[in-house]
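Sharing a structure below in structure tokens format, with a few things to ask.
Chain identifiers are assigned alphabetically (A, B, ...) following the order of the sequence lines, protein sequences preceding nucleic acid strands; residue numbering begins at 1 within each chain.
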There are 2 protein chains.
Amino acid sequence: MKYKKSRSRDLIRDMLDHTVDHPTAHELFDRMRPDFPRLSLATVYRNLGILVEQGAIARVELKGNPERYESRMEPHYHLICENCGAVRDVPVSVDDELDTRVEAATDCRVTRHEIQFFGLCESCS
Amino acid sequence: MKYKKSRSRDLIRDMLDHTVDHPTAHELFDRMRPDFPRLSLATVYRNLGILVEQGAIARVELKGNPERYESRMEPHYHLICENCGAVRDVPVSVDDELDTRVEAATDCRVTRHEIQFFGLCESCS
DNA sequence: GTTCATGCAAATCGTTTGCACAATG
DNA sequence: CATTGTGCAAACGATTTGCATGAAC
């Protein structure tokens, strides 16, 4: 068996399953601290890495911000609020045809794409 | 006058005007060192920051990599080679209608978007 | 001669790693 | 008991900053 059970790893996964925001490692750490007074930030990073490796969660890399994490694994796009920094999923379906079009216009193989939208979230607009 | 003339800043701008790759601060530093033996990496970073602030160049933030820079200022998309890490511009026109569609599907204001395509560049495919 | 640019070293931020000990299976 | 998980501190890579000196205007 490659992985044993870990209370903190289970909690991370659970927190990500029950939030729509896209917390950073440090934000998760802060949210867990009440329950895990001796928790170390390194443990959070290590467990996030394991969960990503397991395919249970995804790392989201966005302009300027530290890495964020989410448990929604179907491909989707993100919107970043330029006022408050909030990150939200965008309810617009992923257009695979874009990849085909780029392939046609270049000599490259294109396997996927990511889109980040910038603007103001509902609270800020 | 807010900015004075600077040989190293001019050279940075010039190098970015004459390359299609998207160099990092350190790559620029290495390319300049032959001409500027006492150049400091901090100067490269400072000048890149000034050029971005002036709107002369753009900072390109891409998955995993350190920040990259380019002098092409018209909006365009990027493709990252998952084999060699090369970054290239994509000859597909920017679709502003995407922003409108996201606005319609949310309560957000959307001002722009960025797309990164992933795959294999011509040399690697 | 005031302001901006530079080199250098130190500081910072986010993240990773080494190591000794605790928990899991 | 063999292996994985954890805390802690130290190491790390990319970038920024403070400070004293040098160049531009």
Side-chain angles (χ1 to χ4, degrees), chain A residues 1-16 21-70 80 85-87 116, chain B residues 1-16 21-70 80 85 87:
Chain A
M1 219 154 315
K2 180 136 186 228
Y3 297 110
K4 309 194 169 175
K5 192 174 248 301
S6 144
R7 273 232 304 140
S8 60
R9 189 154 64 237
D10 288 348
L11 179 53
I12 290 175
R13 187 207 267 266
D14 199 66
M15 302 194 84
L16 287 176
D21 65 4
H22 299 67
T24 63
H26 208 286
E27 284 165 355
L28 286 166
F29 175 63
D30 288 337
R31 294 176 199 179
M32 294 169 74
R33 252 206 284 208
D35 298 316
F36 277 78
R38 7 201 71 208
L39 181 65
S40 146
L41 186 51
T43 297
V44 177
Y45 275 108
R46 266 187 290 237
N47 281 327
L48 285 169
I50 291 173
L51 290 169
V52 169
E53 183 193 314
Q54 293 178 338
I57 65 171
R59 213 189 302 267
V60 186
E61 235 154 314
L62 299 167
K63 273 267 200 206
N65 301 314
E67 317 259 19
R68 296 178 169 277
Y69 297 86
E70 65 184 356
I80 300 111
V87 176
Q116 288 127 239
Chain B
M1 220 155 316
K2 180 139 187 225
Y3 297 112
K4 309 194 168 174
K5 193 173 245 302
S6 144
R7 272 229 308 139
S8 60
R9 189 154 64 237
D10 288 348
L11 180 53
I12 290 175
R13 187 207 266 266
D14 199 67
M15 303 193 85
L16 288 177
D21 65 5
H22 299 64
T24 63
H26 208 287
E27 283 164 356
L28 285 165
F29 176 63
D30 289 338
R31 293 176 200 180
M32 295 169 74
R33 254 206 284 208
D35 297 315
F36 277 79
R38 12 198 66 198
L39 181 65
S40 147
L41 185 51
T43 297
V44 177
Y45 275 108
R46 267 187 289 236
N47 281 327
L48 285 168
I50 290 173
L51 290 169
V52 169
E53 184 192 313
Q54 292 179 338
I57 65 170
R59 213 189 302 266
V60 186
E61 237 154 311
L62 299 167
K63 272 268 201 210
N65 300 314
E67 317 259 21
R68 296 178 169 277
Y69 296 87
E70 67 184 354
I80 299 110
V87 176

Quick one: B/Arg7 CZ to D/dG22 C1', roughly how many Å, whole number?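 Computing the B/Arg7:CZ to D/dG22:C1' distance gives 15 Å.
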
Rounded distance in Å - OH (B/Tyr3) to P (C/dA5):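 Whole-Å distance recorded here is 7 Å.
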
In whole angstroms, the gap separating C1' of D/dT16 from CZ of B/Phe29 amounts to 16 Å

Before giving the answer on salt bridge (charged side-chain N to carboxylate O under 4.0 Å, His left out), spell out for A/Asp30 and A/Arg33 the whole-Å C-alpha distance, their side-chain angles and the decisive distance to 0.1 Å. CA-CA 5 Å; A/Asp30 288 337; A/Arg33 252 206 284 208; 3.2 Å; yes

Taken to the nearest whole Å, CD1/B/Ile12 to P/C/dT6 is 8 Å

For B/Leu62 and D/dA14, give me the distance from atom CG to atom C1', rounded to whole Å. 15 Å

In whole angstrom, what separates A/Asp35's CG from D/dT6's P?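 Rounding to the nearest Å, CG of A/Asp35 and P of D/dT6 are 15 Å apart.
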
Does CZ belonging to A/Arg31 count more than 12 external heavy atoms closer than 6.0 Å? yes

Nearest 0.5 Å, what's the CG-NE2 distance between B/Asn65 and B/His22?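 B/Asn65 atom CG to B/His22 atom NE2 measures 11.5 Å (nearest 0.5 Å).
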
Partners meeting side chain to side chain donor-acceptor pair (under 3.5 Å) with B/Arg9 (sequence neighbours left out): B/Asn47

Identify all pairs in which a protein N or O lies below 3.5 Å from an N or O of nucleotides 16-18 of chain C, and state each distance.
unit_1	atom_1	unit_2	atom_2	d
C/dG18	O6	A/Arg46	NH1	3.0

Of the candidates C/dT6, D/dG7, D/dG5, the side chain of A/Arg9 sits closest to D/dG5

Between D/dT6 (C1') and A/Leu48 (CG): distance, integer Å: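 So the CG-C1' distance, A/Leu48 to D/dT6, works out to 15 Å.
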
Nearest 0.5 Å, what's the CD1-CG distance between B/Ile57 and B/Leu16? 5.5 Å

For C/dT6 and B/Asn47 - does any side-chain N or O of the residue sit under 4.0 Å from the phosphate oxygens OP1/OP2?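 The answer is yes; a side-chain N or O of B/Asn47 sits under 4.0 Å from OP1 or OP2.
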
Could you state the atom-to-atom distance from CD of B/Glu53 to C1' of C/dC4 in whole Å?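 Atom-to-atom, B/Glu53 to C/dC4, this comes out as 13 Å.
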
Could you give the distance from CG (B/Asp35) to CE (B/Met15), rounded to the nearest 0.5 Å? 7.5 Å

Is the count of non-hydrogen atoms from other residues, nucleotides or ligands lying under 6.0 Å from B/Lys5 atom NZ greater than 12? no

Is A/Ser8 close enough to D/dG5 that one of its side-chain N or O atoms is under 4.0 Å from OP1 or OP2 there? no

Of B/Lys5 and B/Arg68, whose closest DNA chain D nucleotide lies nearer the 5' terminus? B/Arg68

For C/dG7, take OP1 and OP2 only and decide whether either is under 4.0 Å from a side-chain N or O of B/Thr43.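 So the side-chain polar atoms of B/Thr43 do come within 4.0 Å of the phosphate oxygens OP1 or OP2 of C/dG7, strictly under.
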
Out of C/dG14, D/dG7, C/dC8, whichever nucleotide has its closest atom nearest the side chain of A/Leu39: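 Of C/dG14, D/dG7, C/dC8, D/dG7 is nearest to the side chain of A/Leu39.
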
Under 4.0 Å: is that the gap between some side-chain N or O of A/Thr24 and OP1 or OP2 of C/dG14?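 For C/dG14, OP1/OP2 do not have a side-chain N/O of A/Thr24 under 4.0 Å.
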
